[in-house]
Amino acid sequence: MPVPLKHDLYVRGSRRQAAQQDFVFGLRAYVLNDMANTMKSRFEEKVEPDFLRATGAAPKDGVDVHKAMKQDNYFRFYSSMRYCAQEMVWRSVGRALNENSDEFDEKLAGVQSASSAVDGSLELDEALELPKNVAAIDVHLAPGGYHTETNPEDCAAGALYDQGLNIFSFGMMGANLDDIGHSMANYVRVKHPDFKPRNVLDLGCTIGHNTCAWATVYPDAAVTGIDVAAPCLRYAHARAKSQGVPVHFKQMNATKLDYPDNSFDVVFSSMFLHELPLKDIKLALAEARRVLRPGGLMLHMELPPNDEMAPYDSFYLDWDAYYNNEPYYKKFRDQNVSDLCIEAGFSDDKLMSFITPQYTYMSDAEYVAAVNEEQTFDETTGRLAEGVQWFGFGAWK
Amino acid sequence: MPQLNLDTKGRRPHFFDDPAIDAVMTAMLELMSENFALKERLFALEHALERSGLITAEELETIELPEEARIKLAGEQQAFFQDAFRALNADHQSPASRQAEIDSGK
Ligand SMILES: C[S@@+](CC[C@H](N)C(=O)[O-])C[C@H]1O[C@@H](n2cnc3c(N)ncnc32)[C@H](O)[C@@H]1O
């Protein structure tokens with residue numbers, strides 16, 4: 001069952017709305033844990049042998065597996081349920097927010113007017129043009145996407161994202177939804193103890209949930225999150241203020257950063273690149289390199305690339321590309337991430353990539369021990385289900 | 001806060017050859033959600049009755065379930081999924097094949 005978010009903007013909704021969100025939360029856990037396991041056995045026991053008999057060869061990649069699985073009724077049930085659950089995430093949260101909009105407004109006003117000891121900021125750029133990948137589609141089926149706003153103070157899209165993510169992640173991203181940020185920042189802290197970033201830039205930060213993790217892990221660093229979506233940034237600013245975390249939020253396009261060369265020690269992103277067209281991914285990586293100081297680190301938490309995954313696991317992760325309004329996702333997963341970094345100007349002896357367990361669900365000592373063991377790509381990498389491990393890649397400048 | 005739109009733009013995929021099955025699945029999940037919400041409310045009501053013998057609307061709205069009841073409800077929810085979806089992974093037989101089997105006296 002979802003736990004209330006740990007900040008002052010959380011709206012629970014009526015008992016009925018909370019129960020409906022609880023239902024979707026449990027349904028997602030059932031589909032992505034139990035049904036996903038049954039579907040895999042079904043593939044191994046029936047679909048793959050049938051494919052082998054019919055074609056004389058095993059499926060060679062995720063696309064082949066997808067073709068074979070599309071005929072299977074279990075896959076169809078899994079998919080239609082997962083699709084409905086995704087719609088129901090937004091519908092149940094959206095309804096609770098709509099019916100309690102006055103309560104939200106009061107909470108927001110309370111956070112905004114409170115005096116604060118921390119030094120965060122918000123800078124919007126009204127002239128910024130929204131990229132097509134944001135404006136043209138409802139990414140992961142979220143009605144209105146990241147950017148829709150009906151007035152200059154609107155932060156509803158951010159509230160929908162935050163509370164929606166709390167249901168969507170069915171308890172797998174930490175009570176503060178920041179496990180990815182913590183897992184990445186702590187990996188760097190543990191593996192590179194002498195590296196002390198003075199400042200950090202997070203690209204495509206949305207509501208700043210993972211941005212804030214960097215400010216917690218590196219309290220001496222100035223942390224900035226950028227995004228193109230104003231309603232998410234307004235919400236991010238209020239959310240960080242409510243949690244007492246000093247972060248600066250700026251509306252900016254990651255493909256055209258408004259910073260001089262050599263400005264940051266860390267340029268980070270999470271779950272960001274796969275939402276960009278390939279040409280923008282290349283621009284964003286080149287921009288990341290440009291604004292990094294020599295000795296700085298570019299680090300992206302992402303879905304694992306297809307060339308590292310077994311055909312079934314590759315098929316499994318690509319579900320979102322086909323059915324969750326993620327049109328750029330597969331193209332990104334089909335890239336070789338080292339080649340992308342090299343093309344952006346990083347040298348091949350400065351590349352880094354790793355797999356890390358989740359930081360949130362163990363003690364610091366357990367985490368240190370875990371990351372000191374070599375992790376390899378497998379079915380748990382990047383797959384939101386029990387035992388998930390995150391993938392990170394990047395390069396030192 | 002302005003009212004959020006609840007409908008996703010774009011065309012909805014269908015997974016079954018007949019999109020009507022996808023529509024039935026959608027209706028079924030909504031029904032299950034409604035059913036779950038009703039059940040949750042009943043749980044709360046039972047708890048309130050037990051505790052005080054009195055129910056006020058306000059109490060019903062705000063009362064928190066005790067930890068054991070929360071755990072019980074979560075368990076029932078997962079058990080319900082197992083039950084309701086038991087046919088998804090079953091071996092199916094067409095009416096024609098079943099009739100042939102019965103007619104042939106096997
Ligand atoms: C999936 S979200 C990222 C989520 C977040 N970083 C996390 O860790 O969960 C993708 C974000 O990228 C933003 N975005 C998309 N294209 C962008 C661009 N060219 N420049 C900056 N932000 C962009 C979107 O507005 C959205 O907020």
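Note that this is a predicted model, so its numbers are computed, not measured. By convention in this document, chain letters (A, B, ...) are assigned in the order of the sequence lines, proteins followed by strands, and residues within each chain are numbered from 1.
- For the set A:Ala29, A:Ser101, A:Ser14, A:Ala18, the entry with the most heavy-atom pairs within less than 4.5 Å of chain B is A:Ser101.
- Taking the six-membered ring wherever Trp is involved, the centroid distance between the rings of A:Tyr323 and B:His14 does not fall below 6.0 Å.
- The aromatic ring centroids of A:Phe104 and A:Tyr10 lie 6.0 Å or more from each other.
- In the displayed structure, A:Glu386 atom CD is contacted under 6.0 Å by at most 12 heavy atoms of other residues, nucleotides or ligands.
- Both the backbone and the side chain of B:Met32 come within contact range of chain A, each with at least one heavy atom under 4.5 Å from a heavy atom of that chain.
- Contact count versus chain B (heavy atoms, under 4.5 Å) is highest, among A:Asp138, A:Asp102, A:Leu160, for A:Asp138.
- Ranked by heavy-atom pairs under 4.5 Å with chain B, the first of A:Thr148, A:Leu97, A:Val24 is A:Leu97.
- For a residue to count as touching a neighbouring chain, one of its non-hydrogen atoms must lie under 4.5 Å from one of that chain's; by this rule A:Arg12 touches chain B with the side chain only.
- For A:Tyr30 and B:Phe85, the distance between ring centers is under 6.0 angstrom.
- Contacts of B:Gln3 with chain A are made by both backbone and side-chain atoms, with heavy-atom separations under 4.5 Å.
- Ring-centre distance between A:Phe77 and B:Phe16: below the 6.0 Å cut-off.
- Proximity to chain A is absent for every atom of B:Asn35, based on heavy atoms less than 4.5 angstrom apart.
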